[in-house]
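Accompanying notes for the structure given below.
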Amino acid sequence: MPLAGERPTPVAPERVAEWIERFAAISEPDSGPGVTRLAHTALERRAHEVFTDFMAGLGLTVWTDAAGNTIAEKPGTEETAAVGTGSHLDSVPSAGRFDGIAGVVAAMLLAERVVTDGVGHRRPLRFVAFAGEEGARFGRACIGSRIVAGLTTTADLHQLQDAKGVGLAEAMAGVGLDPDAVADARWSPREWAGFVELHIEQGSVLADAGAAVGVVDVISGSTRLELTVDGVAAHSGGMPMHLRRDALTAAAEVVLELEALAGTADDGRRITVGRLEALPGSITTIPGRCVLTVDIRDIDLERQCATAEDVLERAAAIAERRGVTLTSRHLAEASPEELTPSVRRTLIDVAREVGTEPLVLPSGASHDTQMIKQVCPVGMLFVPSRAGGVSHSPHEDTDFGDLARGADLLGAALLRLAR
Ligand code: GLV
Ligand code: MN
Ligand code: MN
């Protein structure tokens, strides 16, 4: 039997490929290219059942909390605070196969190696599949991990709706979860000694630098807004150009203004309008209403807040000049989080010990780990994205060998934290 703290035998790339494909098959039929497994749907729950069955098959204790997070535990030699790893199983519409899934598959295969090799560890190991990480459906990301971190309450769950008007609490109840009992899902800092997540980079920094692995220093924050522009719907033939109050042309100007505000410097600030709906959506009607979402990301909290104010001011100025009205709704807020230096150090050490020099880099995307930082020391390992780093796209790609190597480093770090 290997000694406590030793590395388990390597994870096989073929096993990674097998499980990535199995999860990719759990996807909404007829939903276009790629994987669609939205937050708080029956498909997301089915993926969690696959995770549960796998972990239970290894002899681990598995439970699903009221928020839909699934947790598998392997006891340590002492009943003390646990160390954990994991990621999420939901996807955006027309997603790739790797975002979130990579970290869950790494957790599964790592659990398998630790059990099969009989590796000893003092602290309990916990393997986690978070629910509802993607903000794509309800506008707010990391719902499961926010709940365990005490950042989202039952009252919040009753406020959010998806684009079809389905409430988050309603969606949760519809798949057998209990939005009114999520306070019970909260993680106590006394029970957690550390958490490390493996994720694909979702950018091209690692591939461009030829680095096999990345260690994240800071996760960007995000401010999400919904802007509604109200003009006057009218006949596209009857209404002369100079008398129009066109909501869509005003919104279009807002979109370009925000792009200009973000600029082109790669300084950690990003502004995206990802959804724009023109109503009533008829070829012969001037749009009377336009609803758009704005996602502001930044690694600097002060600048993130200032940008959000600037966005609203600039949009209001455009609306005023064009004689339309602007209203805004604040959908979600997450602060940038610096990840725990000691965990970062462990990740760097375990990589260097096997001759891999990691690149330290920020994450532009949000991650569950950002929320878990409220509970315990945290770290994140990135594996390279291929295909130019595209993600939230069916073209998302990562090499299975890179993922297996990432899982090995994750395992080494986790066991060191569990010593
Ligand atoms: C999660 O994928 C995010 O939106 O950053
Ligand atoms: Mn993700
Ligand atoms: Mn994502």
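Ligands are counted one by one from 1 in listed order, and the atoms in each one are counted from 1 as well.
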Could you measure the distance from the [atom1] atom of [X] to the [atom2] atom of [Y]? Nearest 0.5 Å is fine.
X    : Y    : atom1 : atom2 : value
L160 : H40  : CG    : NE2   : 10.5 Å
R37  : I101 : CZ    : CD1   : 4.5 Å
L151 : R186 : CG    : CZ    : 7.5 Å
T223 : Q304 : OG1   : CD    : 3.5 Å

Set out, in order, the CA-CA distance, both residues' side-chain angles and the distance that settles salt bridge (Lys or Arg N to Asp or Glu O under 4.0 Å) for K373 and E337, then state yes or no.
CA-CA 8 Å; K373 166 93 191 286; E337 287 292 348; 3.3 Å; yes
Mind running ring-ring contact (aromatic ring centres under 6.0 Å, His included) on F130 and F195 for me, showing each step along the way?
CA-CA 13 Å; F130 289 106; F195 189 87; 5.7 Å; yes
Shell of protein N/O/S atoms around the Mn ion (ligand 3), taken as anything under 2.8 Å
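The answer, once waters are left aside, is D99 OD2, E134 OE1, E134 OE2, H392 NE2.
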Test side chain to side chain donor-acceptor pair (under 3.5 Å) applied to T70 - qualifying residues, sequence neighbours left out
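For T70 the side chain to side chain donor-acceptor pair (under 3.5 Å) partners, ignoring immediate neighbours, are H48, T64.
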Who passes side chain to side chain donor-acceptor pair (under 3.5 Å) against R15, sequence neighbours left out?
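Per chain and number, R15 pairs via side chain to side chain donor-acceptor pair (under 3.5 Å) with E18, E112.
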Between W187 and W192, how do the two ring planes meet: parallel, tilted or perpendicular, split at 30° and 60°?
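W187 vs W192 ring planes: parallel.
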Distances under 3.5 Å, N/O of ligand 1 against N/O of the protein: list each pair and its distance.
residue  : atom  : partner : partner atom : Å
ligand 1 : 2 (O) : E134    : OE1          : 2.9
ligand 1 : 2 (O) : H392    : NE2          : 3.1
ligand 1 : 4 (O) : R297    : NH2          : 2.8
ligand 1 : 5 (O) : R297    : NH1          : 2.7
ligand 1 : 5 (O) : R297    : NH2          : 3.3
ligand 1 : 5 (O) : S366    : N            : 2.7

